[in-house]
Every structure is written in C-alpha cells, then in structure tokens.
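Encoded as structure tokens, the structure appears first; notes follow it.
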Amino acid sequence: MSGPVLLTGAAGRIGTVLRGGLPERGWALRSLDVVPIPDVRPGEEQLVADATDLAAMTDAAQGASAVVHMAGISGESTWPAIRDTNIQSTFAALEAARLAGVPRVVLASSNHATGYTERPADGGLLREEDAPQRPDTYYGVSKVAMEALGSLYVDRYGLDVVCLRIGSAFAEPTTTRQLSTWLSPADTVSLVHAALSAPAPGFRVVWGVSDNTRRWWDLTAARELGYEPADDAEVYAEALVEAHGEPDLSDPVHLRVGGEYTTADFDAENFPA
Ligand code: 15L
C-alpha cells in the first residue's frame, strides 16, 4: 500500500527524531500533533489535531500506508490524564486505522509495561516473552492497555501491529541505568523503519534498545523484524560512572525493568494534576 505514514505525536521528543530520520529511509510523512510543528519539511504533510479524537484521527488516516502512534503523556501522571490521553489515543489510532483501511500500526509501548519484572538472576538477557506485563505506574498500565488493544486489533480485524517496548529514547544517556536502557536517536529510526518494513508481522512486541554493552534486554525478536542497531551507550560509561559510581545491581533502580518508576517517588499522588 502506498501513501504517507501517519505519525502522531510528531512534535514530541521521539516524533521529532522520526521526522528527521524516516524520510531518509523513504517514508513520506503526514505529521500530526495538537500543536503546530515549527519546521515542516518539504514533502511533509502537517495536521494539527488531537490524537484522542477518533473522528479527526479517522480523517487523518485516510490514504495512509501505516500509523506510527507516538502521541501521549510520556511518563507518570494522574489517572484521569493517563486514561483520557494515553488509553483513548491508542484506541483512536487503532480504530482509525481499521475504519480507514490502514493495514499496519506501530505503537510506542514502553519498558514500563513490564516495570516490576526483575533482571535475570543469571546475568542473561531478558526476552519479551519472559517479561510479563507488570506495569509500574498508571503510565505503565496505559502501555499494557496499548499492547492489549494492539493484540485485539490483530486477532479481530487482521491488522499488523508492532509494539515497541522503548527503553530510554534520549539524545544521549544521562544516568547509569541508561547505560543499559538507552535507545539512540539513530536506532529509534532504524527500529521504526523495521517495524514498518517487516513483511506480515502480525502481532509483535519487541524491546526498543540500542546494542548497549550493558543491556539486559534480548534483541533477537527486534532483529528478526529487521532492526539493525548501530549504537552502544558504553561510549558514555566512563563519564557517567565517574559522576554517579558503578550501578548497584541490587538497587531497585537497576534490578527492575522500570528502574526509578518502581520506587515510591513515582506514586501517582506525587504527580498532581
Ligand atoms: C519511558 O517510557 C518514558 O517515556 C521516558 O520518559 C523514560 O522515563 C523512559 O521510559 C525510561 O525508562 O528511561
């Protein structure tokens, strides 16, 4: 199917990275956000619309070849905010794809869907199927709902849905945890490109992490999709370890998938409306 990729959350942190990199991989973009994008590129379509609005999303999805859904609150917040923004927008992205006949949806899930899962005691790599959905926050619950909705739309309506359990997608790692969990900007583009390109993926859930020396998420499933990570957070290790010390692997921040999200600091009451 030809047609642009509908990118939600296009003005956000990851959306901006994808707007920079996907066109070079041959993907025309229809970029949607609630706020105008300041630097629309040649050939890029722009839509100012709310990703939670099903009618607007259905209009936006007409003629698209895929939806890449990055819109939403990107960390813990109040239950009403998470429910009304994250869960509703995921529903709208999938339902709009179905109504508009768009065959593929790529969803920004998160490691926080599995946050209370512990790193393997034997020091091995954690596969997606061995990381049960154990959300660490209301935010994590919205990512569990995202994966569940994606599964439903594959089984019931035959869409292809790829859920990316993204680690720490930032310009560079800034904590020792992120030496394990970092997903570089270039690898973010590579991963979404793979999720858009893989033939008939059906329903997939894959970790989104760079090829970090200290990673403990298995990349086999992502590589099977065609993901070819190029970066390793280890180049930042010396400076980060000097500043913060070697990570204590028995500390919940380093022991559990969700890191600091699993600590009392992330109780929702600490996130006022
Ligand atoms: C996420 O899912 C968040 O969007 C991001 O802000 C970070 O907290 C990241 O996870 C992480 O675990 O580092």
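Atoms within a ligand are numbered from 1 in the order they appear, just like the ligands themselves. Heavy atoms only: backbone and side chains are in, while hydrogens, waters and symmetry mates are out.
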min-distance protein heavy atom vs atom 13 (O) of ligand 1 -> S168 OG, 2.6 Å

Identify the residue among V5, V162, V68 that makes a side-chain contact (heavy atoms from CB on, under 4.5 Å) with V192.
V68

Proximity of N111 to ligand 1 by residue part, where a heavy atom lies under 4.0 Å:
side chain

Per-atom contacts, ligand 1 versus R177 - under 4.0 Å to a heavy atom
11 (C), 12 (O), 13 (O)

Give yes if a backbone or side-chain nitrogen or oxygen of S110 is under 3.5 Å from a nitrogen or oxygen of ligand 1, and no if not.
yes

Report, as yes or no, whether the 6.0 Å neighbourhood of atom OH on Y138 holds more than 12 heavy atoms from other residues, nucleotides or ligands.
no

Could you tell me whether the side chains of T213 and D232 share a donor-acceptor contact shorter than 3.5 Å?
yes

Residue portion contacting ligand 1 (non-hydrogen atoms closer than 4.0 Å) for R165
neither

Considering heavy atoms of the protein only, find what lies nearest to atom 9 (C) of ligand 1 and give residue, atom and distance to 0.1 Å.
G167 O, 3.2 Å

Does E228 reach the main-chain N or O of S190 with its side chain, forming a donor-acceptor pair under 3.5 Å?
no

With a 4.0 Å cut-off on heavy atoms, is A169 touching ligand 1?
no

Side-chain donor or acceptor of R127 paired with backbone N/O of E129 under 3.5 Å:
no

Return the closest protein heavy atom for atom 12 (O) of ligand 1 as residue, atom name and distance.
H112 NE2, 2.7 Å

Which residue holds the protein heavy atom closest to atom 8 (O) of ligand 1, what is that atom called, and what is the gap in Å?
Y261 OH, 2.8 Å

Any heavy atom of S74 under 4.0 Å from ligand 1? The part involved is both

Within the side chain of T114, is there an N or O that forms a donor-acceptor pair under 3.5 Å with the backbone of Q133?
no

Under 3.5 Å, is there a donor-acceptor pair linking the side chains of S250 and D248?
yes

Within ligand 1, which atoms have a heavy atom of R13 less than 4.0 Å away?
4 (O), 5 (C), 6 (O)

Would the number of heavy atoms belonging to other residues, nucleotides or ligands and lying under 6.0 Å from CD of E238 be above 12?
no

